Protein chains: 2
Amino acid sequence: MARIREFDIDRALDRAMDLFWRKGYAETSLQDLLKELSIGSGSFYAAFGSKEQLYDRCLERYTSLQGGDLRETLDGTADIRTAVRKVLVPMIEADLTDPTRGCLVVSTSTQCGEQPSAAERVTTAVRQVESLLAGALEQAQVRGEISPDKNPRELARFLTTFIQGIRVVGQARTGREFAEDALSVAMRALD
Amino acid sequence: MARIREFDIDRALDRAMDLFWRKGYAETSLQDLLKELSIGSGSFYAAFGSKEQLYDRCLERYTSLQGGDLRETLDGTADIRTAVRKVLVPMIEADLTDPTRGCLVVSTSTQCGEQPSAAERVTTAVRQVESLLAGALEQAQVRGEISPDKNPRELARFLTTFIQGIRVVGQARTGREFAEDALSVAMRALD
DNA sequence: GTAATTATGTATTGACCAATCCAGAAAGGC
DNA sequence: GCCTTTCTGGATTGGTCAATACATAATTAC
C-alpha cells in the first residue's frame, strides 16, 4: 500500500523519554531529538505531531513504567516495610548515581504548569502512587504488619509525599546520609 | 559625576524574582523581564549582566527571604510542634491558592541542573533548612518537648525532605486533604 | 509496469531568543 | 558652559527555535 516506516516508534519513544528525562523539556531542542532518534523532521512530525505531543507520550510511558515497577515491588514483597524500602532505596541510589536525571513527574510538575495535559498527568501519577501504596498498606494491615489503629490512606499519602521529597533532595546533592536519615525516620511512621 | 539610575535595583529584583517564580526560568523571556521591570535592555545589562546572573541573584534573594521567615517562625514559637505546623500549613495553603508558583528552590533543582551556580544554591538552601530545623529541634529536646532518644539531625533531615515533598504534591493539585493527611502522619515523627 | 500512498530528509519559513550597539539624555565637576 | 561619566531605550545582531514545504524514495495493489 505504501512505504513502511524505517524506525521503531516504541524504540524512538524510549530514547526520547530518556532524553527529556536527562535534559528537561525546555533544554531539549527538536534538533537534539532528531539526532537522538536518528530521523528527519518529516518523519518526526508524521509520527509524533509535535514536540509537546511527544513529551506527553513520553510522560505517559514513564508513569506507566514507574507504576508497573511500583506495583510489582509491592505485590512481590511479603513484608510491607521491606517493600517500602525496596521502593525508596533504589530512588536514593539513582539520585546519587545521576543527580541530573531525577524524576520526570517531579520535573514536569515544576516545568509544565501551564500545559494542561502535563498537569493532568502529574496529578494522575501522584494519585496512582497513592492508590498503589494504600492498597499494599491495607493488605499489610490485614496481615497484622500494620497496627489496626493506623489509617492506610493517610499513611499512603504521607509516603507519596515523602517520595517526592526524596526525589527533590536527591537532586539537591545533599548526599546519601541525608536521604538515609530522612528515610529511617519516615519508616517509623509505619510502626 | 554621572547620570543616576532611574529605577530601584531592589524593587526590580523583587519583581524579577516574582516573575521567575511564576513562569520559571525558561519560560521567562528577556522581553517579559524588560516589560515587568519597565526598563530598556541597556539598563538591564548594565545592572544585571545577563539573564542567568539575574536569576542567580533572584534565587539568592528567595532563599534568603525564605530562610529568614523560617528562622523567625522557629525562633518566635514556643512549642516545636506548633512551630513546624506554622511552617508547613502556609506552604500547603500557598500551593492551593496558586499551584503554578510552587517553590523556586524546587523548580530550580529540576530546571537548572546543568548550571553549577544554581545547583550550588539549591544545595545550600536545603542545607540551610536542615540546619535551622536541627537547631530548633535540639532546643526543643532540651526543653523536653522531644524525647531524649530522638536524633534532632535525623528529624531535621526528615522534615526537610518532607517539606520538599509537600511542595511537589502541592503543584500536583491533589487537594488539601491529601497534604493534610500527609502532614498529620509526618507530625507524629516528633512524638 | 503503473498508479496510489506513505515515509524520508533537506531546505526553508517566520518567529523569537539573548545580547550588543549606539546615539542621545541626565547628572556632577570644574 | 563645557567635559566626563553613566544611564537609557530603540534598533540591530546572529543564532536558534519549532514547524512546514517539497521533492524524492519505497512500498503495495492492481
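Model, not experiment: these values are computed from the prediction. Numbers restart at 1 for each chain; the letters A, B, ... are given by sequence-line order, proteins then strands.
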Exercise for review: Would you mind classifying the nucleic acid contact of A:Thr28 as base, sugar-phosphate or nothing, using non-hydrogen atoms under 4.0 angstrom?
Suggested key: sugar-phosphate
Point to revise | Within 45° cone of B:Tyr25 ring axis and under 6.0 Å: B:Lys51 NZ or CZ | key: yes
Review point. To the side chain of A:Ser29, which of D:dT20, D:dC17, C:dA7 is closest?
Key: D:dC17
Practice item. Can you tell me the distance, in whole Å, between the CZ atom of B:Phe44 and the P atom of C:dA18? Key: 9 Å
Review point. Between B:Lys23 and B:Glu36, is there a salt bridge with N-O shorter than 4.0 Å?
Key: no
Review point. How many Å lie between CZ on B:Arg5 and P on D:dT8, as a whole number?
Key: 6 Å
Exercise for review: Side chain of B:Leu30 only, please: which of C:dA18, D:dA19, D:dG9 is the nearest?
Suggested key: C:dA18
Review point. Expressed in angstrom and rounded to an integer, what is the separation of B:Gln31 atom CD from D:dT12 atom C1'?
Key: 13 Å
Check your understanding: Atom NZ of B:Lys51 to atom P of C:dC16: distance rounded to whole Å?
Key -> 15 Å
I'd like a table of atom pairs between the protein and nucleotides 11-13 of chain C - only N or O on both sides, under 3.5 Å - with the distance next to each one.
none

Revision key, fill the gap. Distance col, row A:Thr108:OG1 vs A:Trp21:CH2, nearest 0.5 angstrom, shows 11.5 Å
**Study point:** Closest listed nucleotide, where the reference is the side chain of B:Ile39 and the choices are D:dG9, D:dT6, D:dC17
**Key:** D:dG9
**Study point:** Nucleotide D:dA25, atom C1' - distance to CD of A:Glu6 in whole Å
**Key:** 9 Å
Practice item. Please determine, for the side chain of A:Ile4, which listed nucleotide (D:dT8, C:dT8, D:dT27) has the closest atom? Key: D:dT27
Study note, to complete from the structure: Testing C:dT5, C:dT8, D:dC17 for proximity to the side chain of A:Ala2, the answer is C:dT5
Review point. So what does B:Phe7 touch, heavy atoms closer than 4.0 Å: a base, only the sugar-phosphate, or nothing?
Key: sugar-phosphate
Exercise for review: Take atom CG of B:Leu37 and atom P of D:dG9, then tell me their distance rounded to the nearest Å.
Suggested key: 11 Å
Check your understanding: Looking only at heavy atoms, what is the nearest atom pair of B:Leu74 and B:Leu132, with distance?
Key -> CD1-O, 3.6 Å
**Study point:** B:Arg3 vs D:dT5: side-chain N/O to OP1/OP2 distance below 4.0 Å
**Key:** no
Exercise for review: Before accepting this row, confirm whether a basic side-chain N of the pair B:Arg153/A:Asp181 lies closer than 4.0 Å to the acidic partner's carboxylate O.
Suggested key: no
Check your understanding: Which whole-number value in Å describes the distance from B:Leu33 CG to D:dG9 P?
Key -> 15 Å
Review point. Starting at CD of A:Gln53 and ending at P of D:dA19, how long is that distance when rounded to a whole Å?
Key: 9 Å
Check your understanding: Any side-chain donor paired with an acceptor under 3.5 Å for B:Asp32 and B:Ser29?
Key -> yes
Review point. Are more than 12 heavy atoms from other residues, nucleotides or ligands located less than 6.0 Å from atom CZ of B:Arg57?
Key: no
